[in-house]
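Nothing fancy with the numbering, it's 1 onward along the sequence.
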Amino acid sequence: MVDSDVGFIGLGVMGLPMALNLVRAGTGLVVWNRTAARCEPLRAAGAAVAEDPADVLRRTRVVFLMLADGPAIDSVLGRRTPGFAANVRGRTVVHMGTTSPGYSRGLEADVRAAGGRYAEAPVSGSRGPAESGELIAMLAGEPSAVDAVRPLMPPMCGEVFVCGPVPQALQMKLAVNLYLITMVTGLAEAFHFAQRHGLDGRRLLEVLDAGPMASTVSRAKARKLLDRDFAVQASLVNVLDNNRLIAEAARAARLASPLLDVCHALYGEAVALGHGEADMAAVVRALEARTAAPATAV
């Protein structure tokens, strides 16, 4: 196989379409995923499939990581093992997932100490924008790292915003997600309110869609609520984890976050009811459960 300049590790709900868009745009790509079958669409599209994460790092100069959490990132990089320095030296590591800002700051320090470069590039959007290449990226890092990464982003992202040094891209992502979570939760409550008052849900969707509050997100999630279609775009369990990260960042900065705290409780309840792998719009299940519960005596 011919080596490539670019690697991609993590081919989940978001990572697979992102990597496919890179390949379809002509980027020579080396990929790896813990579940090997996820690599097959990339192989069919022309990407090289590596034997293991170290093989991706060995064969590339810029490596995108679209992974679930810090332990997964540490594992593929071999962090805190003797092989870490060799894995990252001379390479640009691009963290595209969502972790705590503190984790990212520490990872950057370790990568740079080992002779590599590091950038954050978390993205805003769900599976649909990932498939269409219309994600919004927030990019942070030393100028040399940003310069190495930014030209590679257009096949995956409709917009790329440079946010400054690490961890300001992740802090920006958490601020964006705070708005997303509270907005979708409010939309779910509005549909629940309308349903319990016997209103026409389709008419509610039309009224919202015609007004100044309409957005791509409101249209997509309102349709899901109307149709009771909770096929996953962004899962409840993933949103709950994001909610936790935002809450931790708020506590660390001694910030009040009352709306976020209410959402955290509702998403936790929806997951406890068994809807963790459903779309975040299924938070309405928690509202329905609260409504159905017997009133507590005062």
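In this structure the side chain of Trp32 never reaches within 4.5 angstrom of the side chain of Asp55, judged on heavy atoms. Residues Val63 and Val93 have side chains not in contact (no heavy-atom distance under 4.5 Å, counting atoms from C-beta outward). Taking 4.5 Å as the limit, every side-chain heavy atom of Val149 sits out of range of all side-chain heavy atoms of Arg117. Taking the side chain as every heavy atom from C-beta outward, Asp5 and Val62 never approach each other to under 4.5 Å. Two residues are said to be in side-chain contact when any heavy atoms from C-beta on lie closer than 4.5 Å; Ser257 and Arg251 meet this criterion. Side-chain contact between Leu204 and Leu199: absent, with no pair of heavy atoms (C-beta onward) separated by less than 4.5 Å. Here the side chains of Glu120 and Lys173 are not in contact, with every heavy-atom distance at 4.5 Å or above. With contacts defined as side-chain heavy-atom distances shorter than 4.5 Å, the pair Arg80/Asp74 qualifies.
The environment of Arg34 atom CZ is sparse: at most 12 non-hydrogen atoms of other residues, nucleotides or ligands sit within 6.0 angstrom.
In terms of heavy-atom proximity, Val123 sits nearest to Cys157 at CG1-SG, 4.2 Å. Residue Pro53 comes nearest to Val76 through the heavy atom pair CB-O, 3.4 Å, listed as atom of the first residue, atom of the second, then distance. When all heavy atoms of Val23 and Ala45 are compared, the closest pair comes out as CG1-O, 3.2 Å. Nearest heavy-atom pair across Met66 and Gly97 is SD-N, 4.0 Å.
Linking ILVMFWY side-chain heavy atoms closer than 4.5 Å, directly or via other members, places Leu180 and Phe161 in two distinct hydrophobic clusters. Each of Val239 and Leu170 belongs to its own hydrophobic cluster when Ile, Leu, Val, Met, Phe, Trp and Tyr are linked at side-chain heavy-atom distances under 4.5 angstrom. When hydrophobic clusters are built by joining Ile, Leu, Val, Met, Phe, Trp and Tyr residues whose side-chain heavy atoms come closer than 4.5 Å, directly or via intermediates, Leu139 is not grouped with Leu174. In this structure, Met172 is not a member of the same hydrophobic cluster as Met153, with clusters built from ILVMFWY side-chain heavy atoms closer than 4.5 Å.
For the atom pair CZ (Phe8) and CG (Leu20), the distance works out to 9.5 Å, reported to the nearest 0.5 Å. Met213 contributes atom CE, which lies 11.5 Å from atom CE of Met183 (distance to the nearest 0.5 angstrom). To the nearest 0.5 Å, atoms CG (Asn242) and OG1 (Thr98) are separated by 5.0 Å. Rounded to the nearest 0.5 Å, atoms CG (Leu135) and CE (Met156) are 8.5 Å apart. Rounded to the nearest 0.5 Å, atoms CD (Gln233) and CE (Met14) are 10.5 Å apart. One distance of note links CD of Gln195 with CG of Leu225; it measures 10.0 Å at 0.5 Å rounding.
Using cut-offs of 30° and 60° on the angle between ring planes, the pair His95 and Tyr118 is tilted.
With respect to the salt-bridge test (charged N to carboxylate O, under 4.0 angstrom), the residues Glu206 and Arg203 qualify. With salt bridges taken as basic N to acidic carboxylate O contacts below 4.0 Å, one links Glu40 and Arg43. Between Arg290 and Glu269 there is a salt bridge, since at least one side-chain N of the basic residue sits less than 4.0 Å from a carboxylate O of the acidic one.
Judged by distance alone, with hydrogens and angles left aside, the side-chain atoms of Lys224 form a donor-acceptor pair with the main-chain N or O of Asp229 at under 3.5 Å. Asp279 contributes a side-chain N or O that, together with a main-chain N or O of Ala234, makes up a donor-acceptor pair within less than 3.5 Å. At least one donor-acceptor pair closer than 3.5 Å links the side chain of Arg127 to the backbone N or O of Val232. Of the possible polar contacts, one joining the Asn21 side chain to the Ala130 backbone as a donor-acceptor pair under 3.5 Å is found. In terms of modelled atom types and a separation under 3.5 Å, the side chain of Asp241 and the main chain of Val237 share no donor-acceptor contact. Within the 3.5 Å criterion, the main-chain N or O of Asn33 finds no donor-acceptor partner in the side chain of Arg38. For Asn87 (side chain) and Leu77 (main-chain N/O), a donor-acceptor pair under 3.5 Å exists by modelled atom type. With hydrogens and angles disregarded, a donor-acceptor distance shorter than 3.5 Å links the side chain of Arg91 to the backbone of Leu57.
Under the side-chain contact (heavy atoms from CB on, under 4.5 Å) rule, Cys263 has a single partner from Val184, Leu178, Ile181, which is Ile181. The one candidate from Leu259, Leu187, Asn177, Asn243 that meets the side-chain contact (heavy atoms from CB on, under 4.5 Å) condition with Thr182 is Leu259. Tested against Asp209 for a salt bridge (Lys or Arg N to Asp or Glu O under 4.0 Å), the candidates Lys221, Arg223, Arg219, Arg202 yield a single pass: Arg219.
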Inset, instruction - Evaluate side chain to side chain contact (heavy atoms under 4.5 Å, CB included) for Phe191 paired with Leu287, printing each intermediate quantity in order. - result: CA-CA 10 Å; Phe191 267 83; Leu287 295 164; over 6 Å; no
Legend entry - From CA spacing to verdict: side chain to side chain contact (heavy atoms under 4.5 Å, CB included), Thr291, Glu288: CA-CA 5 Å; Thr291 296; Glu288 292 166 349; 5.6 Å; no
Inset, instruction - Please lay out, stage by stage, how Phe84 and Val111 fare under the test side chain to side chain contact (heavy atoms under 4.5 Å, CB included). - result: CA-CA 9 Å; Phe84 176 72; Val111 170; 4.0 Å; yes
Inset, instruction - Kindly determine whether Met138 and Ser124 satisfy side chain to side chain contact (heavy atoms under 4.5 Å, CB included), including the steps that lead there. - result: CA-CA 8 Å; Met138 291 142 278; Ser124 180; 3.9 Å; yes
